[in-house]
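Letters A, B, ... mirror the listed sequences (proteins, then strands); counts begin at 1.
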There are 2 protein chains.
Amino acid sequence: MAGAEADRGGSITGVTDVGPEVLGRGPTRAGTRRAELVAVATRLFRERGYHGVGMRAIAEAAHIQAASLYHHFAGKEELLLESIYVVDRDLVVDQLPLLEGSGTRPERLQELVEGHVRHIGTNRDAWWVAGRELRALSPERFDEVQVYRRRYQHAIAEFLAAGTAAGEFDCPDPRLSALALLDMLNGPNEWYEPGGRLDIDELAARYVDLALRLVGCCA
Amino acid sequence: MAGAEADRGGSITGVTDVGPEVLGRGPTRAGTRRAELVAVATRLFRERGYHGVGMRAIAEAAHIQAASLYHHFAGKEELLLESIYVVDRDLVVDQLPLLEGSGTRPERLQELVEGHVRHIGTNRDAWWVAGRELRALSPERFDEVQVYRRRYQHAIAEFLAAGTAAGEFDCPDPRLSALALLDMLNGPNEWYEPGGRLDIDELAARYVDLALRLVGCCA
DNA sequence: GTCTTGCCCTAACGACTGTTAGGGGGGCAG
DNA sequence: CTGCCCCCCTAACAGTCGTTAGGGCAAGAC
């Protein structure tokens, strides 16, 4: 907090670790600063949990004061919602259409699994927060996000059911298979770290294999 | 497992009211009250998260004052550790030996999966807390628990590797298969609720099937 | 009787919580 | 120059956090 004094004298507008490329120059496009702050908050939420991080901690990580956050967000919960939303929206918007695409069902499932695993790999903080801090949202916000989640899950269940009827899969209980598949796919969210034994593409490839086994596709 | 709960005279899991009827009576066996308080805390941790629950809230749910908790526990973290410990200890103590038992490897895996799923079903609060609030522990406590977790995971990985070498399984990457299997098995922890579409025994049976598929056992 | 043990109480500590009120300064448009 | 907008500031609000100090009441041991 001695840093607050120092900042005042010199570089109010200038030097932060946050988005250096954007901040140095003149007025940025509206929403940029907001996105930077969300990224900072997301990282902290991941490290310490929503209730474990205070507004002052978020502000400090962004090199501003806590009160300044309220010029960008209505409150703490808005930061959380913004952290979570990207993940669930991307799943429904980018991933789900893959199931309706061309190719055999195993091929389409392969694309879904690859995209899913890669999305986890490139949005680790947000995924972690989305997976564990949902309950911290108010009931209305909670339901709002839950709608996306259920849609994704149900679409996969129906996809597996259709594939089973067509003889491409073997899922006696498609709803349960969808749950098990999703739980498996979301697993790397807990333990994957870049620079580990497998890079994200290898991981995605192996998960495609595991997923196909799970749904009874012996191709 | 259910037997272990029954002979404790109280409600280890779930049942809410640890109430006046216990207070009025004579002295209970040492450690009993402690276990009751842990159960209350575990349930609240599950509902609102570790940082989302205060000592006063735990105390209120147990119909005592916050300060009274400190006659049973050194601090809040001790309550969390106690909530988590049961799960990880049971896994290593009760589940792991199943892999060394008699029978073919697929049979042994079946026993492990059944036991795992059923343990989740009968200790839902503790599992939820153990899965999500680990990071709230101090580093030393965290490592202490993590040792159990890694031992379980590594034992399964080696079991899958041995089974693959013996031609009973087909796991080209046993370590990854173990992770994926565990993530799938832990999934019900997030969504299983008693009284749902499947009871716990049906769920365990279906997960045995899914697990065998995952490890490439076509038996 | 006294002493101990187990369980609980009231009251308070300092630190921290999310949030608000109100002010200021820099960059750009006119 | 003035006026506007964006971003940030200091200071403070009321409330909650985990924790501690110190005392009381009932039951069993001696």
Side-chain angles (χ1 to χ4, degrees), chain A residues 1-16 18-19 22-38 40-41 44-45 48-81 136-138, chain B residues 10 18-38 40-41 44-45 48-81 133 136-138:
Chain A
M1 273 309 132
E5 308 280 345
D7 281 347
R8 256 194 63 179
S11 51
I12 289 271
T13 56
V15 215
T16 65
V18 188
V22 200
L23 268 190
R25 282 276 149 182
T28 60
R29 221 182 311 214
T32 300
R33 186 78 181 115
R34 207 181 140 90
E36 291 167 354
L37 295 173
V38 169
V40 170
L44 289 180
F45 288 158
R48 296 187 238 161
Y50 178 70
H51 288 296
V53 180
M55 293 296 268
R56 286 165 183 84
I58 299 172
E60 189 183 359
H63 299 97
I64 59 176
Q65 294 303 117
S68 304
L69 288 170
Y70 289 83
H71 279 266
H72 300 274
F73 307 94
K76 190 185 179 188
E77 193 186 353
E78 194 169 311
L79 275 161
L80 177 60
L81 184 63
L137 289 172
S138 65
Chain B
V18 182
E21 80 282 356
V22 185
L23 289 182
R25 296 308 189 98
T28 57
R29 218 176 330 185
T32 300
R33 187 77 180 117
R34 204 180 144 93
E36 290 167 355
L37 295 173
V38 169
V40 170
L44 289 180
F45 288 157
R48 294 187 240 161
Y50 177 71
H51 288 296
V53 180
M55 293 296 268
R56 286 166 182 82
I58 300 172
E60 189 184 358
H63 299 99
I64 60 176
Q65 294 304 115
S68 304
L69 288 170
Y70 289 83
H71 280 266
H72 300 274
F73 308 94
K76 192 186 179 188
E77 194 186 352
E78 193 169 312
L79 276 161
L80 177 59
L81 183 63
E133 301 291 357
L137 288 172
S138 65

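- Residue A/Gln65 contributes atom CD, which lies 22 Å from atom P of D/dC6 at whole-angstrom precision.
- With sequence neighbours left out, B/Glu60 forms a side chain to side chain contact (heavy atoms under 4.5 Å, CB included) with no residue at all.
- Between the CD1 atom of B/Ile58 and the P atom of D/dT19 there is a distance of 10 Å, rounded to whole Å.
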- Task: Do nucleotides 12-25 of chain C as a string where each nucleotide becomes B, S or -: B if the base has a protein heavy atom under 4.0 Å, S if just the sugar-phosphate does, - if no protein is that close.
- Result: B----BBBBB----
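- Between C/dG6 and B/Arg34, no contact under 4.0 Å exists linking OP1 or OP2 to a side-chain N or O.
- Following rounding to the nearest Å, B/Phe73 (CZ) and C/dG6 (P) show an atom-to-atom distance of 15 Å.
- For the pair B/Glu60 CD and D/dC17 P, the computed distance is 11 Å after rounding to whole Å.
- In this structure, B/Arg56 contributes its side chain and B/Ala66 its backbone to no donor-acceptor pair below 3.5 Å.
- B/Leu137 approaches B/Leu80 most closely through the heavy-atom pair CD2-CD2, 3.8 Å.
- Rounded to an integer number of Å, the gap from B/Leu69 CG to D/dT19 C1' is 11 Å.
- Annotation: side chain of B/Val38 is not in contact with side chain of B/His72 (no heavy-atom distance under 4.5 Å).
- A/Ser138 and A/Glu77 get closest at one heavy-atom pair: N-OE2, 2.6 Å.
- For the pair B/Ile64 and B/Arg33, the minimum side-chain heavy-atom distance is below 4.5 Å.
- For B/His72, no side-chain nitrogen or oxygen approaches OP1 or OP2 of C/dG6 to under 4.0 Å.
- Between C/dC7 and B/Ser68, no contact under 4.0 Å exists linking OP1 or OP2 to a side-chain N or O.
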